[in-house]
K.L.:
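Take this structure first; my questions come after.
Hydrogens, waters and symmetry mates are skipped; everything else that's a heavy atom, side chains included, is used. Everything quoted here is computed from the prediction, not taken from an experiment.
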Amino acid sequence: MHFYLFAEGCAEAIRTIILVYFILTFVFTVYSLARMFYIAHISNDVKGGRARVKELRRKGKFIQMPVYSMEELAQEKHKRDVRLMFFPADEPRDKRFAMVLPGGGYAHVCTREEGYPVAAELNKKGINAFVLEYRTGRECAPFAPMEDLGMALRLIQENCDKFGITMENYSLIGFSAGGNVAGIFSSHKFGYLDYQVPKPGALILGYPWTCVNDWLHHPYWNIWIGLLGIWLSNRGSIHMFGIRKHRKGKKLLDVQQYIEADYPRTFMYSGSWDVLVPASRHADVFDAALTQNNVEHKYEKYFGVPHGIGLGKRTKAHNWLSEAIEFWDK
């Protein structure tokens with residue numbers, strides 16, 4: 001009696017197993033992406049962010065400004081899209097502020113999803129907030145987003161009285177690639193020391209992208225998700241460093257190598273169902289590096305939560321911002 005799968009020989013059986021593997025993993029990947037986009041759509045509160053912008057504009061309090069001077073913009077046109085938006089709290093509980101850095105894989109900036117809504121929620125909690133749109137895509141250059149952040153913080157530092165804020169104990173809130181920007185900027189290299197601004201009082205990261213995925217270094221059981229993750233990660237480093245310097249450049253985006261004992265206190269959250277920036281390859285590794293360097297931190301990992309959820313409303317991560325603020329308050 002022959003087992004049906006091997007009725008036509010081992011070679012045919014292996015081909016059948018491989019074919020089934022590719023089909024099943026492809027279906028699983030499509031389902032995972034569809035689920036991610038659906039949950040992200042209902043959890044980001046884009047309407048709430050848009051409503052807050054309209055409310056501040058109606059009150060004459062919404063401030064949007066270029067980060068660079070007219071001379072700098074004339075010399076480098078790529079800096080023209082770098083913008084800083086100020087969201088003042090109606091009743092600020094103190095003079096601290098949070099700088100929100102949306103993600104987008106260094107290909108674009110998800111301001112509507114991970115910028116305005118988060119700033120609006122911070123305002124509800126009595127916290128002043130800024131949202132930064134940094135250089136991405138073809139307009140990017142090596143560590144350009146970190147430069148944009150440094151110049152934005154310098155601009156804020158020079159106008160503290162105008163904004164009614166202080167540079168003491170400010171926080172950086174970064175999502176995905178925005179977490180990569182915040183993570184590197186908070187270190188001694190390519191960061192705050194280069195721009196004569198204080199070190200962040202707290203670093204708050206949502207599903208941060210902390211390293212570039214290589215297949216051999218980060219094996220995936222699902223080849224489709226692996227290829228997707230590798231393409232998205234490498235796309236970001238290609239935008240920043242170009243194709244020729246891509247291999248060297250992607251190593252420079254590995255946040256873990258920049259962590260030292262005086263790294264800022266860090267709050268971080270991620271989801272177990274993140275197929276774009278898997279926690280096991282990013283947040284978990286970052287958590288281990290923080291632990292190894294004795295950096296005070298808190299890491300929350302939510303079961304069944306995908307990538308790109310922002311505020312995380314209607315998910316198990318719905319309370320993450322309150323927990324992060326409590327951590328920051330300490």
Side-chain angles (χ1 to χ4, degrees), residues 32 36 101 103-106 114 143 145-146 172-191 200 202-223 225-238 240-241 246-309 312 317 320 323-324 327:
S32 298
M36 180 194 74
L101 302 164
Y106 289 132
E114 298 170 341
F143 299 103
M146 294 71 176
L172 297 180
I173 303 180
F175 299 90
S176 193
N180 188 266
V181 178
I184 293 177
F185 186 85
S186 298
S187 70
H188 292 174
K189 201 169 184 179
F190 309 115
L203 188 60
I204 300 173
L205 307 177
Y207 39 90
W209 172 48
T210 62
C211 62
V212 176
N213 288 298
D214 283 312
W215 185 271
L216 294 178
H217 293 160
H218 304 288
Y220 294 85
W221 69 269
N222 184 334
I223 189 171
I225 290 179
L227 292 173
L228 181 64
I230 291 170
W231 175 72
L232 289 174
S233 299
N234 285 272
R235 180 188 64 172
S237 62
I238 289 173
M240 188 177 292
F241 298 99
H246 155 61
R247 291 187 177 181
K248 180 181 179 180
K250 66 184 180 182
K251 295 179 181 178
L252 295 173
L253 294 179
D254 193 333
V255 183
Q256 285 78 228
Q257 66 180 310
Y258 299 112
I259 298 176
E260 297 185 27
D262 64 344
Y263 198 73
R265 300 169 64 250
T266 302
F267 178 94
M268 175 173 58
Y269 86 93
S270 65
S272 67
W273 203 287
D274 192 333
V275 297
L276 297 187
V277 183
S280 60
R281 320 298 183 195
H282 293 268
D284 290 2
V285 178
F286 190 57
D287 172 56
L290 291 171
T291 301
Q292 183 178 359
N293 287 275
N294 298 314
V295 177
E296 183 181 355
H297 68 286
K298 183 177 182 181
Y299 176 31
E300 296 287 352
K301 190 173 182 179
Y302 300 102
F303 178 77
V305 172
H307 191 77
I309 62 169
W320 76 264
E323 292 183 25
F327 177 84

K.L.:
Mind checking the CG-CZ spacing from L203 to F185? Nearest 0.5 Å is all I need.
P.N.:
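Spacing of CG (L203) from CZ (F185) equals 11.0 Å.
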
K.L.:
Name the residue from K251, Q257, Q256 that meets the side-chain hydrogen bond (donor to acceptor under 3.5 Å, both in side chains) definition with D254.
P.N.:
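Running side-chain hydrogen bond (donor to acceptor under 3.5 Å, both in side chains) over K251, Q257, Q256 with D254 returns exactly one hit, Q256.
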
K.L.:
Quick check: does any side chain N or O of S187 sit under 3.5 Å from a backbone N or O of K189, one acting as donor and the other as acceptor?
P.N.:
yes

K.L.:
Search all heavy atoms of E260 against all heavy atoms of V295 and return the closest pair with its distance.
P.N.:
O-CG2, 3.5 Å

K.L.:
I would like to know whether W209 and V255 meet side-chain contact (heavy atoms from CB on, under 4.5 Å); could you show each step before the answer?
P.N.:
CA-CA 9 Å; W209 172 48; V255 183; over 6 Å; no

K.L.:
Once you round to the nearest 0.5 Å, how far does CG of N180 lie from CE of M240?
P.N.:
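Here the interatomic distance stands at 7.0 Å.
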
K.L.:
How about Y302 and W273: are their ring centres within less than 6.0 Å of each other?
P.N.:
no

K.L.:
Side-chain contact test, heavy atoms from C-beta onward, threshold under 4.5 Å: evaluate it for I238 versus W231 and give yes or no.
P.N.:
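Answer no - side chains too far apart.
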
K.L.:
Assess the residue pair H297 and T291 against the criterion (side-chain contact (heavy atoms from CB on, under 4.5 Å)); give the C-alpha distance rounded to whole Å, side-chain angles, the decisive distance to 0.1 Å, and a yes or no.
P.N.:
CA-CA 8 Å; H297 68 286; T291 301; 3.2 Å; yes

K.L.:
Nearest 0.5 Å, please: how far is CG in L101 from CE in M146?
P.N.:
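Answer rounded to 0.5 Å: 10.0 Å.
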
K.L.:
Run the ring pair (Phe, Tyr, Trp, His ring centres under 6.0 Å) test against Y207 and tell me which residues pass, sequence neighbours left out.
P.N.:
F175, Y269, H307

K.L.:
Could you tell me whether the side chain of E323 reaches within less than 4.5 Å of the side chain of F267, counting heavy atoms only?
P.N.:
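Answer yes - side chains close enough.
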
K.L.:
Could you label the plane-to-plane angle of the F190 and F143 rings as parallel, tilted or perpendicular, counting under 30° as parallel and over 60° as perpendicular?
P.N.:
parallel

K.L.:
Going from CG on L253 to OH on Y258, what distance comes out if it is rounded to the nearest 0.5 angstrom?
P.N.:
7.0 Å

K.L.:
I'd like to know if the side chain of S270 and the backbone of A279 have a donor-acceptor N/O pair within less than 3.5 Å.
P.N.:
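Not confirmed, S270 side chain does not pair with A279 backbone.
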
K.L.:
So, taking the atom named OG1 in T210 and the one named CE in M268, what distance separates them when rounded to the nearest 0.5 Å?
P.N.:
8.0 Å

K.L.:
For a 4.5 angstrom cut-off between non-hydrogen side-chain atoms, does R265 reach F327?
P.N.:
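Contact flag for R265/F327 side chains = yes.
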
K.L.:
Considering only heavy atoms from C-beta outward, does the side chain of I259 approach that of L290 to under 4.5 Å?
P.N.:
yes

K.L.:
Per the side-chain hydrogen bond (donor to acceptor under 3.5 Å, both in side chains) rule, which among D287, T266, D284 passes with Y299?
P.N.:
D284

K.L.:
What is the distance from atom OG of S32 to atom CG of N222, rounded to the nearest 0.5 Å?
P.N.:
7.5 Å

K.L.:
Working note: L172 + S186, criterion side-chain contact (heavy atoms from CB on, under 4.5 Å); need CA distance, chi angles, decisive distance, verdict.
P.N.:
CA-CA 9 Å; L172 297 180; S186 298; 3.8 Å; yes

